[in-house]
Amino acid sequence: MVTRFPPEPNGYLHIGHAKSICLNFGLAERHGGVCHLRFDDTNPETESEEFVNAIIADVRWLGFQWHGPVRYASDYFDQLHAWAVHLIEAGKAYVCELDPEQMRQYRGTLTEPGRDSPWRDRPVAENLALFAAMRAGEVEEGRMVLRARIDMAAPNINLRDPVLYRVKRMAHHRSGASWNIYPSYDYAHGQEDAIEGVTHSICTLEFADHRPLYDWFIANLPVPSQPRQYEFGRLNLNYTVTSKRKLKQLVADGHVDGWDDPRLPTLAGLRRRGVTPAAIRAFCDSLAVARTDGIVDMAQFEHFIRADLNDNAPRALCVLRPLRVTLTNWPAGKVENLDLANHPQRPELGARRVPFGGALYIDRDDFSTDTALSRKQFKRLVLGDWVRLRGAPVIRADEVVRDAAGAVIEVLASLVPDTLGSDPPPEIKPRGVIHWVDAETALDCELRLYDRLFAAANPEAGGDFLQALNPGSLQVLAGCKAEASLAAAVPGATLQFEREGYFCRDSRSGDRLVFNRTIALRDTWAKHSAEG
RNA sequence: UGGGGCGUCGCCAAGCGGCCAAGGCAGCGGGUUUUGAUCCCGCCAUUCGGAGGUUCGAGUCCUCCCGCCCCAGCCA
């Protein structure tokens with residue numbers, strides 16, 4: 001079995017392409033075959049080397065290795081041209097001089113047959129001469145095309161004398177200025193497959209209509225192998241868009257920060273967001289290959305992101321909305337070094353040394369002066385009550401310090417002795433466990449909390465998908481406090497900030513400490529509290 | 001009203017004439033827990049778009065109907 005992933009280098013890869021990549025590479029691997037990476041670069045107008053390189057990097061990043069060299073449709077331009085001449089000589093292709101508007105009229109409609117082009121029966125010699133002139137750059141763009149001679153009355157519009165070659169007097173990013181004509185997708189694709197010995201040419205459902213044409217070329221040309229085309233439903237995800245046109249618009253109009261904006265479903269965006277290749281592959285493998293075109297729930301993707309990160313992301317502590325806590329019974333100047341496990345279920349991932357002094361930060365949301373809150377309702381720190389500091393001792397909130405406006409700006413607390421690594425005496429019952437950061441050694445950082453780019457499950461429903469943009473898709477938190485070890489955080493390597501979510505250091509912020517939230521931890525409690 | 005596809009739990013999806021219609025996601029209930037996370041246990045379609053028919057027996061075969069998607073680029 002030989003398969004291929006055949007992107008056109010005119011845009012960035014997104015999650016939908018990932019499904020195709022996993023399918024093509026996965027299928028070949030399971031059957032002891034190979035998969036090619038081949039660029040379908042038949043239209044120099046929209047394609048570029050920049051996209052070629054980005055796509056190669058994305059496929060590699062996903063973890064796939066194609067068989068042999070990277071291939072290009074443009075490598076086959078000579079062969080494709082020779083086969084076009086073969087069709088002309090066999091009376092199966094002709095040069096047509098209808099202009100685009102006339103061609104549309106002659107094509108007929110969905111319910112009416114088309115009419116033969118007046119140029120359809122021109123002599124072989126004339127076709128050959130004209131095609132040569134097209135190639136030589138002697139014909140203006142739009143003046144002539146080479147068409148297959150099939151059936152203008154075919155109920156399948158793709159068979160109504162489709163275009164094989166059009167004049168484009170422009171340079172190609174790989175073949176340079178050597179061509180003035182370029183093959184169409186329909187003409188090129190199957191022959192590319194045949195040249196490479198592809199056995200299973202897998203594409204999306206909208207190409208099912210093209211299969212008779214694909215087969216027609218294979219049957220009418222002396223190709224070295226007989227590839228077969230199979231179609232499957234493309235991936236649709238709710239709360240996002242995956243059409244190249246729409247992604248391009250979001251980037252061009254500045255609704256996002258570029259092709260690698262962490263809110264985008266592009267592979268570059270997912271990578272910058274901290275989503276791992278393993279999570280993407282696991283998600284794609286969970287998708288069955290079917291001919292139904294459904295819409296997969298974003299929650300299904302999120303499940304695989306969390307599953308992989310939960311298993312593999314090292315833990316760390318970071319306070320998003322810092323509130324100062326001073327331990328009044330802590331000996332002045334004393335610093336204790338705690339060893340915190342990098343992963344609660346995987347001791348082999350080791351531990352890190354974290355300093356603990358008499359001053360620290362906890363999250364504002366983890367403190368309340370409302371002593372009426374039940375233990376069930378609020379498993380955090382309440383004035384006059386106890387709480388466990390994650391990986392550290394139990395403390396009790398004794399007093400609060402308020403500013404002129406009456407807002408709490410500091411909590412004075414006392415540490416319960418001998419509670420590091422062991423339970424407090426039975427009369428002391430901590431409400432729960434909260435995270436913290438040592439104030440003395442804390443690192444200031446910026447956190448970017450991402451939410452779904454679109455507020456509507458189906459952004460295209462209302463006509464203008466931009467109307468569905470989620471205004472709260474990015475929330476920037478400044479002045480967050482990270483534990484000291486995070487100074488060494490590697491961009492792109494995802495961590496779990498305990499009790500908050502998964503984050504990775506931004507790869508485009510230089511030395512500044514900026515973290516992108518990949519995804520929040522699952523929060524079943526939020527639903528309870530929202531219900532009141 | 002042309003052609004090509006598709007309709008099984010809120011979402012994705014097995015099923016290819018024969019025990020009580022897999023599984024995953026979501027949801028719900030409970031247990032464990034120094035992350036309200038993870039983990040564990042349990043619940044979640046007498047019904048397969050609808051109506052007829054064939055058959056001892058149909059989600060699976062036949063007929064008709066209904067609904068949704070794709071195609072009229074010298075894009076892919």
Side-chain angles (χ1 to χ4, degrees), chain A residues 6-8 10-11 40 42-43 45-47 96 98-100 103-105 107-114 141-147 153-160 162-168 181-182 184-186 188-189 203-212 231 233 235 238 244 283 286-304 306-307 310-311 315 317 341 343-345 376-380 387-394 419-423 430 432-435 457 496-501 520-529:
Chain A
E8 184 190 13
N10 70 344
D40 225 338
T42 57
N43 185 359
E45 211 164 320
T46 58
E47 299 158 1
C96 178
L98 252 25
D99 67 34
M103 203 185 290
R104 192 165 60 79
Q105 287 165 357
R107 189 157 32 228
T109 69
L110 295 177
T111 52
E112 304 157 37
E141 290 186 21
R143 292 278 298 115
M144 293 179 194
V145 292
L146 183 71
R147 303 176 70 178
N156 180 342
I157 292 184
N158 294 301
L159 263 16
R160 316 236 265 233
V163 171
L164 272 48
Y165 271 91
R166 67 287 215 204
V167 175
K168 281 181 190 287
I181 53 173
Y182 291 93
S184 64
Y185 164 86
D186 278 319
H189 202 89
C203 61
T204 45
L205 247 26
E206 66 268 29
F207 291 101
D209 279 347
H210 297 240
R211 187 162 12 107
E231 308 87 21
L235 169 65
N238 59 16
K244 265 182 197 174
F283 169 62
S286 82
L287 270 15
V289 184
R291 307 191 105 239
T292 42
D293 52 349
I295 298 166
V296 176
D297 196 327
M298 184 61 87
Q300 189 165 333
F301 185 29
E302 292 173 342
H303 164 79
F304 287 97
R306 288 197 181 96
N310 176 57
D311 286 348
R315 315 283 124 128
L317 300 178
H343 191 112
Q345 281 85 36
K376 186 91 173 153
Q377 287 175 106
F378 196 74
K379 300 168 73 167
R380 311 177 189 186
V387 81
R388 159 77 67 184
L389 294 177
R390 175 67 164 161
V394 172
T419 51
L420 178 61
S422 51
D423 289 335
V433 181
I434 64 171
H435 57 105
Q496 183 194 102
F497 288 171
E498 295 202 48
R499 300 214 312 133
E500 292 291 358
L521 251 34
R522 201 158 157 265
D523 187 2
T524 49
W525 176 249
K527 289 162 190 164
H528 290 188
S529 44

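Everything numeric in this text was worked out from a predicted model, so none of it was measured. Proteins come first, then strands; the chains are lettered A, B, ... in the order of their sequence lines, and each starts at number 1.
Where stacking is scored as ring centres under 5.5 Å apart with planes under 30°, A:Y185 does not register as stacked on the base of B:A76.
The nucleotide B:G10 finds its pairing partner in B:C25, both defining distances of the Watson-Crick or G-U wobble pair being shorter than 3.5 Å. In a base pair of the Watson-Crick type (N1 to N3 plus N6-O4 or O6-N4) or a G-U wobble (N1-O2 and O6-N3), with each distance short of 3.5 Å, B:C39 is matched with B:G31. Across all strands shown, the partner of B:G2 is B:C71, judged by Watson-Crick or G-U wobble contacts whose two distances both fall under 3.5 Å.
A:L317 comes within 4.0 angstrom of no nucleic acid atom, judged by non-hydrogen atoms across all strands. Within the nucleic acid shown, A:D99 comes within 4.0 Å of at least one base atom, counting heavy atoms only. Within 4.0 Å (heavy atoms only), A:P212 reaches no atom of the nucleic acid at all. Counting non-hydrogen atoms under 4.0 angstrom, A:E47 reaches nothing in the nucleic acid. Here A:R380 lies in heavy-atom contact (under 4.0 Å) with a base. Within 4.0 Å (heavy atoms only), A:F497 reaches no atom of the nucleic acid at all. Here A:V145 lies in heavy-atom contact (under 4.0 Å) with a base. Counting any heavy atom pair closer than 4.0 Å across all strands shown, A:H189 reaches no nucleic acid atom.
One can find a donor-acceptor pair under 3.5 Å joining the base of B:G3 and the side-chain atoms of A:D209. For A:R104 against B:G73, a side-chain-to-base donor-acceptor contact under 3.5 Å is absent. Between the side chain of A:Q496 and the base of B:U35 there is at least one donor-acceptor pair of N/O atoms closer than 3.5 Å. Within 3.5 Å, a donor on the side chain of A:Q300 pairs with an acceptor on the base of B:G24, or the reverse. For B:U38, its base never sits under 3.5 Å from the side chain of A:R522 at any donor and acceptor pair.
Each of A:E498 and A:E112 lies near RNA chain B, and the nucleotide nearest A:E112 is the one positioned closer to the 5' end. Toward the 5′ end of RNA chain B lies the nearest nucleotide of A:H343, the other residue of the pair A:I157 and A:H343 mapping further downstream.
In this structure, A:R499 reaches the B:G36 phosphate: one of its side-chain N or O atoms is under 4.0 Å from OP1 or OP2. Phosphate contact (OP1/OP2 of B:A37, side-chain N/O of A:T524, threshold under 4.0 Å): present. For A:R107, a side-chain nitrogen or oxygen approaches OP1 or OP2 of B:C74 to under 4.0 Å. Close to B:C75, at under 4.0 Å from its OP1 or OP2, lies no side-chain N or O of A:T42.
Nucleotide B:C39 holds its C1' atom 14 Å from the CG atom of A:L521, rounded to whole Å. Here B:C39 presents its C1' atom at 13 Å from NE2 of A:H303, a figure rounded to the nearest Å. Between the CD1 atom of A:I295 and the C1' atom of B:C6 there is a distance of 14 Å, given to the nearest Å.
In the model, A:T204 has no side-chain atom that pairs as donor or acceptor with a side-chain atom of A:E231 under 3.5 Å.
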